[in-house]
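Every number for a ligand or one of its atoms is a count from 1 in the order of the listing. Counting begins at 1 with the first residue of the sequence. Predicted, not measured: the structure shown is a model, and the values here were computed from it.
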Amino acid sequence: MKVTVLMAMTLDGIIARSADHFPDWTAPNDKKFFAEHTRRAGVIIMGFRTFQTLKKPLPDRLNVVITRDSSRKSSWNNVVFTTEPPRQVLAWLESLGYTEVIVAGGSVTNSLFAAEGLIDRIIVTLSPKIFGTGISLFTPEISMDLALEAVERLGQNLVVRDYKVLQTVSR
Ligand SMILES: NC(=O)c1ccc[n+]([C@@H]2O[C@H](COP(=O)([O-])OP(=O)(O)OC[C@H]3O[C@@H](n4cnc5c(N)ncnc54)[C@H](OP(=O)(O)O)[C@@H]3O)[C@@H](O)[C@H]2O)c1
């Protein structure tokens, strides 16, 4: 199972101004890139807070929502809430036939997968914005060594960077 973190980021490495910041700051070609990639994988994993900011699931993909609260129940047929640890979630998705999953934030969820050394690849779409403060790609206990695999310019303003994860340390 290939595990890819796919995130939109500002030039100063921020993914949201706060935990309830609706992701309305990304450009249409950024949203299109995200939709194409996640539709190809067929499944997206996100934290409950991210799901709350979206308000409704992403269509045509299985939305797996990570929570600690087993009383949360899905009212959509393409949304699954799970309290299982990351490794078990991936094993379950593999048993369903998925070969790639997109972990799509937020910072807490990315870090739960990183802490277990489960992330193979990180793709960031770099927006021409500075937020100053906010939430990073990962929480502070995660550090990583990466190798830059590809850089692509999308339209006038967007840069896509694709990294392979070499090593992850969780302090
Ligand atoms: N720029 C981007 O591409 C991008 C992508 C995704 C998200 N975001 C932004 O990121 C922000 C949310 O990120 P976030 O890091 O605050 O939250 P998050 O990762 O989306 O979700 C956090 C939730 O994960 C659940 N969880 C499961 N296991 C946990 C554990 N061991 N420890 C803590 N929480 C656990 C908790 O849900 P329960 O409370 O239900 O237990 C917690 O509230 C939003 O503003 C969103 O818009 C940006």
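At a 3.5 angstrom cut-off on N or O pairs, L6 does not count as close to ligand 1.
Here the protein heavy atom with the shortest distance to atom 14 (P) of ligand 1 is R49 NH1, 3.6 Å. Scanning the protein heavy atoms around atom 4 (C) of ligand 1, the nearest turns out to be M7 CE, 3.5 Å. Counting only heavy atoms of the protein, atom 24 (O) of ligand 1 lies nearest to I66 O, 3.6 Å. Of the protein's non-hydrogen atoms, I15 O, 3.4 Å is the one closest to atom 48 (C) of ligand 1. From the protein, the heavy atom lying nearest to atom 18 (P) of ligand 1 is G106 N, 3.5 Å. Looking only at heavy atoms of the protein, atom 39 (O) of ligand 1 is closest to R68 NH2, 3.2 Å. When hydrogens are left out, the protein atom nearest atom 1 (N) of ligand 1 is A8 O, 2.7 Å; that is the closest non-hydrogen contact. Distance from atom 40 (O) of ligand 1 to its nearest protein heavy atom, with residue and atom name: T67 OG1, 2.5 Å.
For the pair R121 and Y163, the cation-pi criterion (under 6.0 Å, within 45° of the ring axis) is not fulfilled.
A donor-acceptor contact shorter than 3.5 Å is absent between the side chain of T67 and the backbone of F48.
Counting the atoms of ligand 1 from 1 in the order shown, those under 4.0 Å from a heavy atom of A19 are 11 (C), 12 (C), 16 (O), 44 (C), 45 (O). Counting the atoms of ligand 1 from 1 in the order shown, those under 4.0 Å from a heavy atom of F48 are 21 (O), 23 (C), 24 (O), 37 (O), 40 (O). Those atoms of ligand 1 that come under 4.0 Å of a heavy atom in A16, given as number and element, are 9 (C), 45 (O). Interface atoms of ligand 1 facing W25, defined by a heavy-atom separation under 4.0 Å, are 1 (N). Close contacts between ligand 1 and A104 involve ligand atoms 5 (C), 6 (C) [criterion: under 4.0 Å to a heavy atom]. Ligand 1 places these atoms under 4.0 Å from at least one heavy atom of T109: 18 (P), 19 (O), 21 (O).
Side-chain contact between V101 and L90: present, with at least one pair of heavy atoms (C-beta onward) separated by less than 4.5 Å. You'll find the side chain of M9 reaches within 4.5 Å of the side chain of L137, heavy atoms only. Looking at I123 and H37, their side chains come closer than 4.5 Å, going by heavy atoms from C-beta outward. A 4.5 Å side-chain heavy-atom check between T4 and D120 finds every atom pair outside the cut-off. Using a 4.5 Å cut-off on side-chain heavy atoms (C-beta onward), H21 and F131 make contact.
Of all heavy-atom pairs between P23 and T53, the closest is CD-OG1, 4.0 Å. When all heavy atoms are compared, the tightest approach of E84 to V89 is O-CG2, 3.6 Å.
Within the structure, the closest approach of M46 to ligand 1 does not fall below 4.0 Å when heavy atoms are considered. Distances shorter than 4.0 angstrom occur between a heavy atom of S18 and an atom of ligand 1. Heavy atoms of R17 come nearer than 4.0 angstrom to ligand 1 in no pair at all.
Of the charged side-chain nitrogens involved, none lies within less than 4.0 Å of a carboxylate oxygen, so that E149 and K164 do not count as a salt-bridged pair.
When the heavy atoms of V108, T125, V124 are ranked by distance to atom 34 (N) of ligand 1, first place goes to V108.
The parts of T50 lying near ligand 1 are both backbone and side chain, judged by heavy-atom distances below 4.0 Å. Of the heavy atoms in L112, only side-chain atoms (C-beta onward) come closer than 4.0 Å to ligand 1.
Put simply, the residue from V108, I15, I119 that forms a side chain to side chain contact (heavy atoms under 4.5 Å, CB included) with F138 is I119. In summary, of the residues considered (M1, R40, K2), a side chain to side chain contact (heavy atoms under 4.5 Å, CB included) with E100 occurs for K2 alone.
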*Could you check W76 against F81 for ring-ring contact (aromatic ring centres under 6.0 Å, His included), going step by step and ending with a plain yes or no?*
CA-CA 10 Å; W76 296 272; F81 291 111; 7.3 Å; no

